[in-house]
Amino acid sequence: MPAQAARARVGASRVGAAREGTSRLGAACEGAAQVGAVSTILGSCLPTCGEGHTRKPRVRPPPAYTHLTMPGIVLVGAQWGDEGKGKVTDLLAERADAVVRFQGGNNAGHTIVRGRQTFKLHLIPSGILHKNTLCVIGNGVVVDPKVLTDELDELRRRRVDTRSLRISANAHLIMPYHMMLDHAGEAKLGKLQIGTTRRGIGPCYADKAARLGIRVQDLLDEKILKKKIVAALEPKRLSLRPFAKDPRLDLQTITEEYLTYGHRMANYIADTVRLVHERLDAGQTVVFEGAQGALLDIDHGTYPFVTSSNPVAGAACVGAGVGPKDIDEVWGVIKAYGTRVGAGPFPTELDGDLADEIRERGGEYGTTTGRARRVGWIDLVALRYAAQINSLTALAVMKLDVLSGFDRLCVCTRYRGPEGAEFDDFPYHQTMLHHVTGEYVDLPGWSEDLTEVREESDLPAAARDYLQFISDFVGVPIALIGVGPGREEVIWTEAGAGMAGSGKAASAAA
Ligand code: GDP
Ligand code: IMO
Ligand code: MG
């Protein structure tokens, strides 16, 4: 077996390190030891398996059974976005050598709260606050260069060193006409609109697929840039007719504006695939930071009420230029309840006072658009589906603190459809999905404030039971629990503590 393959399988155990944990939460999945043992065996034969292969074998740290290593970790949203990915990425980035955004664009809004400072990042990876961590905007991301340069300016203004940023030369650019088309498309749909962020994401990915896209590298060559803009505009004449007189559509204006961005971005543009592989080959830790969430995935989400990229873990490979075997762990970030921005089915949605209360307590207003988020109970049918399509190896459950003070908490374990139909699994049919409602198990709530809790064992019994129920139902251990917006307001479970050398274990060792 080639060394690379053997190594990858070491890390690729679906249960991986997380299931080794002794914690109650971590113990959710049985059979872990067995998988780990197989990994150990594979791991121990690595040096000999590697001989005779031309590719330089990866110097990876000891096998996964020790649950100390995870060179390639993908972090994805496992609901409808805004789960707290920015915070978790920032935490993992402390011990990572690189953080790579692999899809989406500035439809994302990732929040990091550090002391009194709040950072809202849209394009720049959430590792940027760590000076020595390489931050990559991968080829799968769509880049609005105005937003990117503004974000860079703002970070510099706040004395954040941004020199570690690199942008893939192959990433596609959001152009002014993409934003116009996004607006126009939504307006045309009227009541049926998706509720996009109107950042031009869909039209940009559409151009990419139609091979009419303009890439970051095109900013470095005026002639090519102009030619490509002409080619991209041509088939859009009809749909852009309402904007015919808009100065933002003038060829010369766009070219000049984008050349200026190119000039400002030039030092950051790089062959990011090579940079990522250099780190992986050296056994370093690379965090792949997803945007949006599984249920907004264009293939697997609640189509057409989705975004135009694939926020699932598999897309990390495509959007960063690595293979599936470079991924060792997949963390799904979730909220302890549910939220959604924009239109589309949301089977556990709440309304009235209860919804308002959760929204206010959780500060559920969009990071990018400021829109009030729809809120609901946690949906374990959807979450189990998300665990499946992402191969989740661990969960990070954020915002548990928001649920303090409710007598009872509802947990959706099944859907009921029209005419009494019942669904244990996430329905594939759009019509069905629009008509199902949640069926719930009632769990006792807790009244204690959780924001000061740092140990799993100090959580109220009802909170631990709530987490245990989620973990058992989904079949994925919990590595991290969020109890407040601040970066220190987390609980590392035993399962999570050893992973990526982060959290308690690392702090203790440091
Ligand atoms: P992302 O898009 O997944 O990065 O999430 P957002 O940043 O859009 O939204 C998550 C919001 O929840 C942000 O305002 C975070 O500061 C906040 N947050 C993250 N974790 C916690 C937590 O454990 N408790 C509370 N109360 N807020 C949190
Ligand atoms: P983060 O990374 C929540 C939603 C929009 C809309 C749909 C399509 O912060 O979790 P788009 O502009 O992508 O064409 O809109 O997707 N959406 C998000 N919802 N969090 C996000 O990102 C989102 N990015 C897009 O509200 O319903
Ligand atoms: Mg967000």
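In listed order, ligands and their atoms are each counted from 1. Predicted model, so just to flag it, every value in this text is computed and none were measured.
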Inset, instruction - Please test Lys335 against Glu83 for salt bridge (charged side-chain N to carboxylate O under 4.0 Å, His left out), starting from the C-alpha separation and ending with a verdict. - result: CA-CA 5 Å; Lys335 262 177 209 175; Glu83 299 91 347; over 6 Å; no
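At least one N or O atom of Gly84 sits closer than 3.5 Å to an N or O atom of ligand 1. In terms of polar-atom proximity, defined here as any N/O pair under 3.5 Å, Glu489 makes no such contact with ligand 1. Between Val341 and ligand 2, a contact under 3.5 Å exists for at least one N or O pair. The shortest N or O to N or O distance between Gly86 and ligand 1 is below 3.5 Å. On a distance-only criterion, Gly109 and ligand 2 share at least one N/O pair closer than 3.5 Å.
Looking at Thr307 and Asn107, their side chains do bring a donor and an acceptor atom within 3.5 Å of each other.
Residue-level proximity to ligand 2 for Arg340 is absent, since no heavy atom of it falls below 4.0 angstrom. The residue Phe305 has no part lying near ligand 2, judged by heavy-atom distances below 4.0 Å. At a heavy-atom distance under 4.0 Å, only side-chain atoms of Thr367, from C-beta outward, approach ligand 1. The proximity of Asp401 to ligand 1, defined as any non-hydrogen pair under 4.0 Å, is limited to the side chain. Contacts between His110 and ligand 1 below 4.0 angstrom, taking non-hydrogen atoms only, involve backbone and side chain alike. Only side-chain heavy atoms of Leu296 come within less than 4.0 Å of ligand 2; its backbone N, CA, C and O stay farther off. Under 4.0 angstrom from ligand 1, the non-hydrogen atoms of Val113 all belong to its side chain. The side chain of Arg373, and not its backbone, has at least one atom closer than 4.0 Å to an atom of ligand 1 (non-hydrogen atoms only; side chain from C-beta on). The proximity of Thr367 to ligand 2, defined as any non-hydrogen pair under 4.0 Å, does not occur for either the backbone or the side chain. Contact annotation: for Val333 versus ligand 1, there are no heavy atoms closer than 4.0 Å.
Although no hydrogens or angles enter the test, the distance criterion places a donor-acceptor pair under 3.5 Å between the side chain of Arg101 and the main chain of Gly105. Distance alone, capped at 3.5 Å, is enough to place a donor-acceptor pair between the Ser164 side chain and the Thr133 backbone.
At least one heavy atom of Gly109 sits closer than 4.0 Å to an atom of ligand 1. In this structure, Arg487 falls outside the shell of residues with a heavy atom less than 4.0 angstrom from ligand 1. For Arg199, the closest heavy-atom approach to ligand 2 does not fall below 4.0 Å.
With respect to atom 13 (O) of ligand 2, the closest heavy atom belonging to the protein is Thr307 OG1, 2.6 Å. The protein atom (non-hydrogen) at minimum distance from atom 15 (O) of ligand 2 is Thr196 CA, 3.3 Å. The protein atom (non-hydrogen) at minimum distance from atom 1 (P) of ligand 2 is Gln292 N, 3.6 Å. At the shortest separation from atom 12 (O) of ligand 2 among protein heavy atoms lies Thr197 OG1, 2.5 Å. Distance from atom 26 (O) of ligand 2 to its nearest protein heavy atom, with residue and atom name: Arg371 NH2, 2.9 Å. Regarding atom 6 (C) of ligand 2, its nearest protein heavy-atom neighbour is Gly195 O, 3.2 Å. Closest to atom 7 (C) of ligand 2 among all protein heavy atoms lies Val306 O, 3.9 Å.
Within a radius of less than 2.8 Å around the Mg ion (ligand 3), the protein N, O or S atoms are Asp82 OD1, Gly109 O.
Counting heavy atoms from C-beta outward, Tyr268 and Thr162 have side chains that approach closer than 4.5 Å.
Among Asp82, Thr111, Val76, the residue whose heavy atom lies closest to atom 20 (N) of ligand 2 is Asp82. Comparing Gly482, Gly484, Gly486 by heavy-atom distance to atom 21 (C) of ligand 1, the nearest is Gly484.
Cation-pi contact between Arg464 and Phe469: absent, since separation from the ring centre below 6.0 Å together with deviation from the ring axis within 45° is not met. In this structure, Arg373 forms no cation-pi arrangement with Tyr365, as its terminal cationic atom is not both closer than 6.0 Å to the ring centre and no more than 45° off the ring axis.
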